[in-house]
Amino acid sequence: MNQQLPSDDELIPRLLAHDETAYTQVVSAYHGLMVHLARAIVGPAIADEVAQEAWLAVIRALPRFERRSSLKTWILRIVSNTAKTRLRHESRTVSLEDAPASRANTDPSQFNASGRWASPPTVWHADTPDDLLASQELRTCIDAALRTLPPLQRAALTLRDMQGLNMESICKVLEVSESNGRVLLHRARNRVHAAIEEFYQR
DNA sequence: TGATTAGATGTTGCGTATGC
DNA sequence: GCATACGCAACATCTAATCA
C-alpha cells in the first residue's frame, strides 16, 4: 500500500501549495482507510460523510500541522476526532444493522498488503461448496462480532489487524495511552475469537 | 552462529466510572 | 447492586539487532 506515495517531507509542502496532484495522491492513498476507521467508530451509515468532513478538517488544519507524527497518523486522528464528535452529536445510536449484511468490515479491497488479513476470509478452507458456505457464514459471524464491539475496541482492532498500523499510531489516532490501546486491542480480539469459537462449536 | 539485549507487543489483574 | 467498558500498571513473550 502507498508504494507510490511520496514522503511526508515531499508531500506536505506540495499540499500547502495547493498542488492538485498531491491532493489526489493523498486522497487515493488514505480515503479508504479513513472510511474504514470512520465505519469502525460510527458505523457504515454515516462513515462516508464523516470521512468527507474529516477531509475538510484536514485541508483547514494542514497549515497548523506540527509534524509531531506522520501525516497518515495525523489524518487518521482527525478522522477519529470527527467520528467521535459526530457520535456525540447523534441523538440516537447509529444503527450498525444498516450495514450491508456480512460486508460491513471485511471488504477485501480494504485490506492492505501489510495487514494481518492480507487475503479475504472467503478463501479460508473454501475447497468445497460446503466449505465455501461455512466460510461465508464465518465471515458473517465475525462481522456480527465486530458490530457488537464498543467503538474504541472496534477501531483498535480495525487499525491493527486489518490496516496493520503500529500501536503507537493507533494510540495517537484513538487518543488513548499505549497501555490502554493494547488492552482495547486485546479485549476486541478476545471477543472476536470467542465468536469464532462459538461458530465452530455449533 | 548462538547469546544477549532492547523495543514492541500481548496478557493479566485490579480499580473506577457509568448506565440500567 | 450489577454488568460493562475503560484505564493503568506490571509482567510475559516475541522479534530483530548487535556482538563476541
Side-chain angles (χ1 to χ4, degrees), chain A residues 1-3 5 7-9 29-30 33-47 50 54 66-99 104-106 110-121 124 138-201:
Chain A
M1 180 179 180
N2 300 350
Q3 288 105 336
L5 193 67
S7 68
D8 287 0
D9 286 340
Y30 297 142
L33 181 54
M34 290 169 69
V35 172
H36 207 84
L37 174 60
R39 184 180 295 166
I41 297 172
V42 300
I46 56 172
V50 167
E66 296 175 10
R67 305 185 69 170
R68 286 182 291 190
S69 63
S70 69
L71 181 65
K72 178 183 180 180
T73 299
W74 178 71
I75 289 173
L76 291 177
R77 188 168 180 170
I78 289 176
V79 176
S80 171
N81 286 335
T82 305
K84 286 176 186 172
T85 302
R86 186 62 185 265
L87 205 56
R88 276 194 296 272
H89 287 359
E90 290 291 315
S91 58
R92 57 182 165 74
T93 303
V94 174
S95 172
L96 297 174
E97 304 307 320
D98 291 345
N105 289 291
T106 54
Q110 293 163 335
F111 289 65
N112 64 18
S114 59
R116 302 291 175 91
W117 291 359
S119 301
W124 293 350
L138 175 60
R139 193 169 64 190
T140 303
C141 166
I142 292 170
D143 287 341
L146 284 169
R147 288 198 295 274
T148 66
L149 293 177
L152 280 179
Q153 288 187 19
R154 189 166 55 235
L157 188 68
T158 299
L159 291 172
R160 179 66 179 154
D161 288 349
M162 297 182 185
Q163 303 297 338
L165 262 66
N166 62 26
M167 287 308 299
E168 185 186 359
S169 298
I170 292 168
C171 294
K172 278 182 182 169
V173 167
L174 298 180
E175 292 183 301
V176 297
S177 69
E178 289 220 13
S179 61
N180 192 34
R182 286 194 291 271
V183 171
L184 286 172
L185 180 62
H186 180 60
R187 288 170 181 162
R189 283 173 173 161
N190 270 350
R191 289 174 63 162
V192 173
H193 289 167
I196 292 170
E197 276 186 20
E198 197 177 319
F199 172 83
Y200 280 119
Q201 283 169 4

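Throughout, protein chains are lettered first and strands after them, A, B, ... in sequence-line order, and every chain is numbered starting at 1.
- If you take CG on A:L76 and NE2 on A:H36, they are separated by 11.5 Å, rounding to the nearest 0.5 Å.
- Remark: A:H186 is not in phosphate contact with B:dT9, judged by side-chain N or O atoms under 4.0 Å from OP1 or OP2.
- Interatomic distance, A:R39 CZ to A:T158 OG1, rounded to the nearest 0.5 Å: 9.5 Å.
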Collect all protein-nucleotide pairs involving nucleotides 8-13 of chain C in which both atoms are nitrogen or oxygen and the distance is under 3.5 Å.
{"unit_1": "C:dC8", "atom_1": "OP2", "unit_2": "A:S177", "atom_2": "OG", "d": "2.6"}

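- Contact check, A:Q153 against C:dA5: no side-chain N or O comes under 4.0 Å of OP1 or OP2.
- Remark: A:A188 pairs with A:L149, A:Q153, A:L157 by the side chain to side chain contact (heavy atoms under 4.5 Å, CB included) rule, at least two apart or across chains.
- With rounding to the nearest 0.5 Å, the separation of CG in A:D9 from CG in A:L71 is 10.5 Å.
- Here the P atom of nucleotide B:dT9 and the CG atom of A:L157 are 15 Å apart, to the nearest Å.
- Note that CZ of A:R77 is 11.0 Å distant from SG of A:C171, once rounded to the nearest 0.5 Å.
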